[in-house]
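Here the structure is laid out as structure tokens; the discussion comes afterwards.
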Amino acid sequence: MKIVFMGTPEFALYSLEAISSQPDNEIVAVLTQADKPRGRGYALTPTPVKVWATERNIPVYQPATLRDGAFEETLRELDPDLIVVTAYGKILPQYVLDYPRYGCINVHTSLLPRHRGAAPMQRAILAGDTVTGVSVQQMDAGIDTGDVLVTREIPIGPDDNLETVHDNLGLVSREALCETLTRIKEGTLSPVKQDETHATHAAKIEKSDCLIDFTADAQTVHNQIRALSPMPLAFTYTPDGKLLKIPQSRPESRDGENSCVPGTVVSLDGAITVACGRGTISLLTVLPEGKGRMAAADYIRGRKLAVGDRLGKN
RNA sequence: CGCGGAGUAGAGCAGCCUGGUAGCUCGUCGGGCUCAUAACCCGGAGGUCAUGUGGUUCAAAUCCCAUCUCCGCAA
């Protein structure tokens, strides 16, 4: 089966591995986002998918848009039986959706219809979900609205963060896609319509999503911190106005009123314990502006904070 | 050449502006106190202050120059 793959970030590599693990699949080309200046010094950086494909001598296309005739012609030349999309970052126009014999399928990292959209993993953790998963869907014109073909669930533990959820979902996404491909060939899929009444939208993570809101309860603050760790990281401000990112935390008490203003440091015994709207949370590791990640205890030793200081004001 | 911060003992930092004996909080080692301790007390070891055995100076962690490395912002 001739497959065109579309994807961009590291997560898409799980799908590429799944496809290439089946000998009767041929990846005739990949589409990925254009190289962008990234990192310090604005070095032009290829996407993980491009690197992967280049190493295997698979043709790489990086069209700025699919909405013109240039790609339509390319598509005819490639003549795929199926298009697999994982975190590509572009909308597929109708003629693309319609071209392959088996259509276009998408690996989405949530249990659809929950968390449709750009940041399903982060939004699931942020929402305090205890279960999530991957859904392989038959793409249609809407955003993540297609019929669901195969799903896999995973639990989200109380201390899972974006990294662990990402990795766990990657593994099951590989299985889910393998199963989907097999059943496409067998013709044994039974697509399931999404229940629109349960649909939610997982908006892209903005910088404002990363500013810690200590007026929330401790569990919510913890969810925010782990949903954004290790990238891009939740942050607050120290009393001297410096940025302080928080990779890791632990709720100390989930309930209980505090006599002080949310954001106030209540203890520095080995960690930075901060009062929340309800309960308290300990910041276990921190990332000061201009420095690397360090244990909170080390940060405290540098005498940067005192009990009674207030975080988040700036 | 996108903007900025930083390299000082095993860790985190101060000292630099206003050159003149290497300092703080920990850790570590030894001793003491204690029923006991991660608590407390006493003592010790551990640093070519990133590199150039660069420049200025009677004198450089400190001022100047170059290089290397790490990091934050932004995308």
Side-chain angles (χ1 to χ4, degrees), chain A residues 6-13 31-52 60 62-65 87-91 117-119 121-123 161-163 166 202-214 221 224-250 252-253 263-274 280-314:
Chain A
M6 304 183 181
T8 297
E10 193 189 354
F11 190 86
L13 301 184
L31 267 72
T32 191
Q33 295 275 7
D35 297 2
K36 284 183 184 155
R38 284 180 175 279
R40 222 161 298 150
Y42 278 124
L44 209 57
T45 310
T47 70
V49 165
K50 180 176 182 178
V51 172
W52 189 94
V60 175
Q62 298 173 285
T65 177
Y88 177 41
K90 286 190 191 300
I91 308 276
M121 292 186 268
Q122 292 90 330
R123 294 294 171 189
N161 63 16
L162 180 57
E163 182 172 40
H166 171 281
K204 185 179 159 200
I205 297 293
E206 306 283 349
K207 178 144 178 146
S208 57
D209 294 309
C210 302
L211 176 61
I212 297 174
D213 175 14
F214 285 110
V221 174
Q224 181 180 13
I225 289 167
R226 62 201 183 103
L228 303 173
S229 179
M231 273 288 281
L233 290 177
F235 65 90
T236 187
Y237 291 100
T238 53
D240 57 2
K242 293 266 174 61
L243 199 66
L244 189 68
K245 294 191 167 188
I246 313 298
Q248 203 186 1
S249 61
R250 178 181 62 219
E252 290 304 340
S253 58
T264 304
V265 175
V266 295
S267 161
L268 290 171
D269 186 16
I272 303 166
T273 306
V274 182
T280 58
I281 190 162
S282 286
L283 312 179
L284 304 179
T285 57
V286 299
L287 187 77
E289 199 176 320
K291 306 290 268 181
R293 176 202 275 235
M294 66 180 75
D298 286 338
Y299 182 78
I300 295 162
R301 254 174 231 118
R303 308 168 149 225
K304 295 291 199 168
L305 278 178
V307 170
D309 282 351
R310 174 105 169 271
L311 296 178
K313 261 295 201 189
N314 191 29

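Letters A, B, ... are given to chains in the order of the sequence lines, protein chains preceding strands, and every chain is numbered from 1. FYI, side chains are in, hydrogens and waters are out, and symmetry mates aren't considered; it's all heavy atoms of this structure.
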Item to check | Separation of atom CE in A/Met294 from atom C1' in B/U25, rounded to whole Å | outcome: 14 Å

Next on the checklist: Nearest 0.5 angstrom please: A/Thr236 OG1 to A/Ile272 CD1, how far?
Outcome noted: 10.0 Å

Checklist entry - For atom C1', what is the distance between B/G7 and B/A74, given to the nearest Å? => result 24 Å

Next on the checklist: What's the gap between B/U8 and B/C70 when it is taken at their P atoms, as a whole Å value?
Outcome noted: 15 Å

Next on the checklist: Taking B/U25 as the reference, what is the distance to B/G2 when you measure between their C1' atoms (whole Å, please)?
Outcome noted: 38 Å

Contacts under 3.5 angstrom, residues 292-301 of chain A side chains, donor-acceptor by atom type, not counting sequence neighbours:
unit_1, atom_1, unit_2, atom_2, d
A/Asp298, OD1, A/Arg301, NH1, 2.6

Next on the checklist: Measuring only the C1' atom in each nucleotide, how far is B/G23 from B/G46? A whole number of Å is fine.
Outcome noted: 15 Å

Item to check | side chain to side chain contact (heavy atoms under 4.5 Å, CB included) against A/Pro46, all qualifying residues, sequence neighbours excluded | outcome: A/Asp35, A/Lys50, A/Val51

Checklist outcome for this item: Between NZ of A/Lys242 and P of B/C13 the distance, given in whole Å, is 11 Å

Item to check | side chain to side chain contact (heavy atoms under 4.5 Å, CB included) involving A/Asn161 - partner list, sequence neighbours excluded | outcome: A/Glu163, A/Thr164, A/Arg226, A/Ser229

Item to check | side chain to side chain contact (heavy atoms under 4.5 Å, CB included) partners of A/Thr273, counting only residues at least two apart | outcome: A/Glu252, A/Val266, A/Ser267, A/Thr280, A/Ser282

Checklist entry - Using the P atom in both, what is the distance from B/A45 to B/C63, to the nearest Å? => result 30 Å

Checklist entry - Looking only at atom types and distance, does a side-chain atom of A/Gln224 sit under 3.5 Å from a main-chain N or O of A/Leu211, one as donor and one as acceptor? => result yes

Under 3.5 Å, which protein N or O atoms sit close to an N or O of nucleotides 36-41 of chain B? Give each pair with its distance.
none

Next on the checklist: Please report the distance separating the P of B/G19 from the corresponding atom of B/G15, rounded so that it comes out in whole Å.
Outcome noted: 15 Å

Item to check | Pair assignment for RNA chain B - dot-bracket with | for other-strand partners, Watson-Crick or G-U under 3.5 Å | outcome: .(((((((.[[[[.)....(..]]]].(((((.......))))).....[[[.[[..)....]]]]]))))))..

Item to check | CZ-CD1 distance between A/Arg250 and A/Ile225, expressed to the nearest 0.5 angstrom | outcome: 12.0 Å

Checklist outcome for this item: To the nearest angstrom, the CZ-C1' distance between A/Arg301 and B/C26 comes to 4 Å

Next on the checklist: A side-chain contact here means heavy atoms from C-beta on lying under 4.5 Å apart; do A/Leu233 and A/Leu228 qualify?
Outcome noted: no

Distances under 3.5 Å between nitrogen or oxygen atoms of protein and nucleotides 3-7 of chain B:
unit_1, atom_1, unit_2, atom_2, d
B/G5, N2, A/Gly290, O, 3.3

Checklist entry - Between atom CD1 in A/Ile272 and atom C1' in B/G12, what is the gap in whole Å? => result 12 Å

Checklist entry - Given B/A11, B/C13, B/A74, which nucleotide is nearest the side-chain atoms of A/Lys207? => result B/A74

Checklist entry - Quick one: side chain to side chain contact (heavy atoms under 4.5 Å, CB included) partners of A/Thr65, sequence neighbours excluded? => result A/Arg67, A/Asp68

Checklist entry - If the P atom of B/A66 is compared with that of B/C71, how far apart are they to the nearest Å? => result 23 Å

Item to check | Interatomic distance, A/Asp298 CG vs B/U25 P [rounded to whole Å] | outcome: 16 Å

Checklist entry - Listed by chain and number, what are the salt bridge (charged side-chain N to carboxylate O under 4.0 Å, His left out) partners of A/Asp209, not counting sequence neighbours? => result A/Arg123

Next on the checklist: Closer than 3.5 angstrom, by distance alone: can the side chain of A/Gln33 be matched with the main-chain N or O of A/Tyr88 as a donor-acceptor pair?
Outcome noted: yes

Item to check | d(CD1, A/Ile246; P, B/G72) in whole Å | outcome: 14 Å

Checklist entry - Does A/Phe235 have any ring pair (Phe, Tyr, Trp, His ring centres under 6.0 Å) partners at least two apart in sequence or in another chain, and if so, which? => result A/Tyr237

Item to check | Euclidean distance for C1', B/G20 against B/A60 (whole angstrom) | outcome: 10 Å

Item to check | Rounded distance in Å - CD1 (A/Ile300) to P (B/G27) | outcome: 13 Å

Checklist entry - Can you check the A/Asp269 CG to B/C26 C1' distance for me, whole Å? => result 13 Å

